[in-house]
Amino acid sequence: MLTGIEEVDWASLGHAYGPADDVPALLRGLASPDPAERETALDGMYGAVHHQGDVYDSTLACIPFLLELVADPAVQDRGGIVELLTSIGGIELDDEDDDLDGPAGLDPDGAECVPAANFAMAAAAVAAGADVFLCLVDDADTEVRLAAPVALASLHPDPARVLSLLRERLSVEPDTEVRLALVAAVGRIALRHASLRSETVDWLAWLARAAQDPGLRLASLAQLARCAPGRIPDDIVRRVTELLEEIRTAPPPEPDDRSDDKGEEPGPARMPVTLVGQVRELLEEQVAGQRTPCTEELLRTLHGALDDRVDDRIALVLAQLRSPDPGQRTDAIWLCGGLIRLWRGRYEEVVRLVGAQLADPDARLREAATSFLERLFELGAPAADGLAAVLAGGEGPGGAPVLRGGPTELTGRTARDGALLALARCGDARAVPLLARALEGPGEVRRELLYAVDGLGPAAAGLAPLLRHRLAAVGLDEDLYDRSSPLLYALAAVRGGQALPEVLRVLRGAPEHRREWVREAAARTLASFGPAAREAVPELRELLAARTATLATTAARALWAVEGDADAVVPVLERWLRPGTSGTDRCAAAQALGAIGPAAAGAARALRPGLTSRDLWERVRCAAALWRVAGETDRTLPVLLAAWEENRHARVDIAECLAEMGPAAAAAQLPVLTELTRRRRHNAREGASGSHDIHQDEKLLTLCRAALARMERRA
């Protein structure tokens with residue numbers, strides 16, 4: 001085994017951490033009879049030789065030896081090696097659209113093209129040896145049979161042969177999970193090879209009707225939807241709902257002891273802590289105890305295929321949320337998280353039903369519901385009653401917060417604070433007394449709760465004394481910014497002017513570490529106090545001369561709010577608009593001038609050059625400020641409309657300005673109307689999200705409606 005491994009000059013090759021002279025030991029470790037050594041070796045391959053999906057010269061040198069290991073039935077855990085080869089061959093296991101040709105326009109002889117060339121060579125090398133995978137579809141090891149279909153569909157150069165083999169194997173494969181993998185591989189072939197698509201789609205449609213196993217029919221339906229969206233049945237929701245119920249009520253499958261497949265001796269083994277092992281354990285934990293663990297991935301595939309058919313996707317989620325199976329309801333919540341993050345729709349009933357899950361005995365279900373509701377902000381209102389009810393559940397031993405919902409109790413800060421955060425973010429006044437209790441307690445208050453105070457409106461005014469007390473207890477040390485900034489933000493939200501002495505203490509006593517950040521946060525809070533912060537005028541005047549625009553402009557806005565003296569602050573802000581300052585500085589100055597409004601009309605001349613800046617954000621900030629200080633629609637509206645089309649992330653700020661313009665912004669009616677008719681959220685990103693994304697998009701819609709209403713209004 002591993003013949004010729006010593007003939008390779010591994011020390012001259014490299015991987016993620018330098019010379020690859022350790023690779024022979026890793027390859028031998030993959031063939032070890034010791035499961036701990038095998039896992040350590042596989043972890044090392046992913047960690048160094050195939051680090052984050054990269055392909056090095058040492059990776060290429062490993063391919064023949066990895067293929068040899070896969071072909072040897074005496075080697076255990078070959079399923080993991082098959083997955084490694086599949087990834088090295090250039091196709092991620094969950095990504096059908098990888099581009100292996102490298103970025104366009106690169107010099108083929110340049111160093112930046114080496115990774116792209118390595119990917120291409122890896123794909124060719126694995127494809128050349130891919131016949132080894134053909135013998136694995138009936139391997140005695142279930143894990144090998146599970147990994148083989150995707151390897152064949154992704155890497156074998158004869159897809160027609162693979163398609164026939166996969167379909168033949170499906171008729172005799174005893175393992176449910178492997179059967180689903182076979183169907184998924186058939187779908188992958190249809191997507192990758194147009195010449196086989198029609199035949200494959202017809203077969204999938206037949207299987208979706210004829211298969212005895214409801215899970216297999218659901219898998220076929222999901223792949224059919226991916227490969228041929230036009231063939232999605234009109235009654236897709238009914239069919240999937242019936243299949244889910246059939247899967248739920250089917251007799252449980254016989255236990256599958258997969259360790260027996262590998263011929264290992266029974267008994268516990270001390271396994272090393274590896275990333276590969278941690279990922280495996282996490283996946284096992286997610287499906288542990290679930291009645292229908294296979295349906296989540298199938299439904300995720302189906303949701304992806306349905307894409308912008310939001311109403312159908314919502315109907316599927318609602319059907320799952322009404323299932324008696326807590327596992328299906330948990331899956332529904334995670335699936336809906338991706339749906340609501342990307343698409344606009346009518347989610348009121350979904351949110352209400354998710355709120356109802358907070359009282360369920362299943363801890364995993366409650367955790368999913370809480371996590372989902374935290375990100376909804378105003379869209380979480382239909383779940384407010386459920387949140388308030390579960391938060392009223394009382395306290396556990398020693399005063400520990402408890403979320404009650406049956407025999408099993410989910411205790412601890414994370415669960416209770418998550419529910420409280422969701423309630424506060426949806427603007428429900430019932431969160432105020434609960435926040436007060438948290439502030440009265442001895443422990444730290446989750447910072448997101450303090451940042452959520454601004455959504456509670458006048459009802460939160462009573463929190464000011466408690467916030468003041470908390471701020472007074474913060475030490476003036478290197479942790480001052482981290483501990484004081486959320487409190488300062490909350491005090492600004494409730495206009496807690498009675499806390500002026502405590503805010504001044506922080507402003508005056510800020511240590512060197514992050515001093516400007518502390519002062520900026522304090523100045524912003526002082527601005528919210530208005531004339532009640534007159535005692536802070538000397539400090540604010542001193543900060544006008546700060547070396548950074550962020551601090552100087554924040555101080556200027558605060559001084560204007562306290563004194564209302566434009567002559568004292570406008571010249572300071574104009575200085576930050578001069579040529580030579582950075583775009584970020586000019587943006588800060590423009591925003592401050594816009595906040596002052598018509599009293600800063602004298603700064604219009606300094607703002608106009610920003611309308612032609614190469615930086616989009618500077619153009620937007622200066623245009624909005626120029627409208628607010630001088631009402632110059634002819635100059636500013638074209639700039640704002642151009643930026644609207646150029647960068648969707650600027651639309652919230654632009655819509656806010658358009659709403660202020662009213663009838664003067666009539667030329668913006670079409671783009672605003674178009675935005676309101678779009679189903680996809682303006683800030684939607686595949687594979688990435690922020691905690692405020694949904695809130696920001698809903699804010700854009702609210703501003704667009706307001707702008708449109710004001711445009712149509714006649715004086």
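The main-chain N or O of R238 is never found under 3.5 Å from a side-chain atom of D235 such that the two would form a donor-acceptor pair. The backbone N or O of E173 lies less than 3.5 Å from a partner atom in the side chain of R179, making a donor-acceptor pair. A donor-acceptor pair under 3.5 Å links the side-chain atoms of R169 to the main chain of V137, judged by distance alone. Side chain of R344 to main chain of R678: a donor-acceptor pair is present (N/O by atom type, distance under 3.5 Å, no hydrogens or angles). The closest donor-acceptor contact from the side chain of H303 to the backbone of D307 lies at 3.5 Å or more, if one exists at all. Side chain of Q328 to main chain of L244: a donor-acceptor pair is present (N/O by atom type, distance under 3.5 Å, no hydrogens or angles). Under a 3.5 Å cut-off, the side chain of S371 and the backbone N or O of A368 do not form any donor-acceptor pair. Judged purely by atom type and a 3.5 angstrom limit, H193 has no side-chain atom pairing as donor or acceptor with the backbone of S195. Listed for the T674 side chain is a donor-acceptor partner under 3.5 Å among the backbone atoms of L670. Judged purely by atom type and a 3.5 angstrom limit, R425 has no side-chain atom pairing as donor or acceptor with the backbone of E378.
Salt-bridge check for R679 with D311: passed, with a basic side-chain N closer than 4.0 Å to an acidic carboxylate O. Under a 4.0 Å N-O distance rule, the pair E348/R352 does not qualify as a salt bridge. Ion pair E675/R648 not flagged as a salt bridge, since none of the NZ, NE, NH1 or NH2 atoms sits closer than 4.0 Å to an Asp/Glu carboxylate oxygen. Comment: R446 engages E374 in a salt bridge, judged by a side-chain N to carboxylate O separation of less than 4.0 angstrom. A salt bridge is absent between D417 and R447; no separation between the charged side-chain nitrogens and carboxylate oxygens falls under 4.0 Å. Between D697 and R680, no side-chain nitrogen of the basic residue sits less than 4.0 Å from a carboxylate oxygen of the acidic one, so the salt-bridge criterion is not met.
Taken from CG in L387 to OG1 in T370, the straight-line distance is 7.5 Å, to the nearest 0.5 Å. To the nearest 0.5 Å, the span separating CG on N683 from CD1 on I694 amounts to 9.0 Å. Q223 CD to L302 CG: the interatomic distance, rounded to the nearest 0.5 Å, is 10.0 Å. Put simply, CG on L221 and CZ on R226 are 13.0 Å apart, with the number rounded to the nearest 0.5 Å. Atoms CG and CG, on L321 and L316 in that order, are 11.0 Å from each other to the nearest 0.5 Å. Note that CG of L700 is 10.5 Å distant from CZ of R681, once rounded to the nearest 0.5 Å.
Shown here for D653 and W617, the closest heavy-atom pair between the two residues is OD2-CZ3, 3.6 Å. When every heavy atom of R364 is checked against every heavy atom of T330, the shortest pair comes out as O-CG2, 4.3 Å. Contact record, S220 with L207: OG-CD2, 3.0 Å, taken as the closest heavy-atom pair. When all heavy atoms of F133 and V126 are compared, the pair lying nearest together is CE1-CG1, 4.2 Å. The two residues V310 and G345 come nearest to each other via the heavy atoms CG1-CA, 4.5 Å. In plain terms, the two heavy atoms of C426 and A384 that are nearest each other are SG-CB, 4.2 Å.
Under the side chain to side chain contact (heavy atoms under 4.5 Å, CB included) rule, R322 has a single partner from L353, T241, V317, which is L353. Screening K699, R375, R685, R341 against D693 for a salt bridge (charged side-chain N to carboxylate O under 4.0 Å, His left out) leaves a single residue, R685.
Q357 and R329 share a side-chain donor-acceptor pair at under 3.5 Å. For the 3.5 Å distance criterion, the side chains of S154 and R188 qualify, holding a donor opposite an acceptor.
No more than 12 heavy atoms of other residues, nucleotides or ligands shown are found within 6.0 angstrom of CG on D234.
H692 and F377 have tilted rings, their planes meeting at an angle from 30° to 60° on a 0 to 90° scale.
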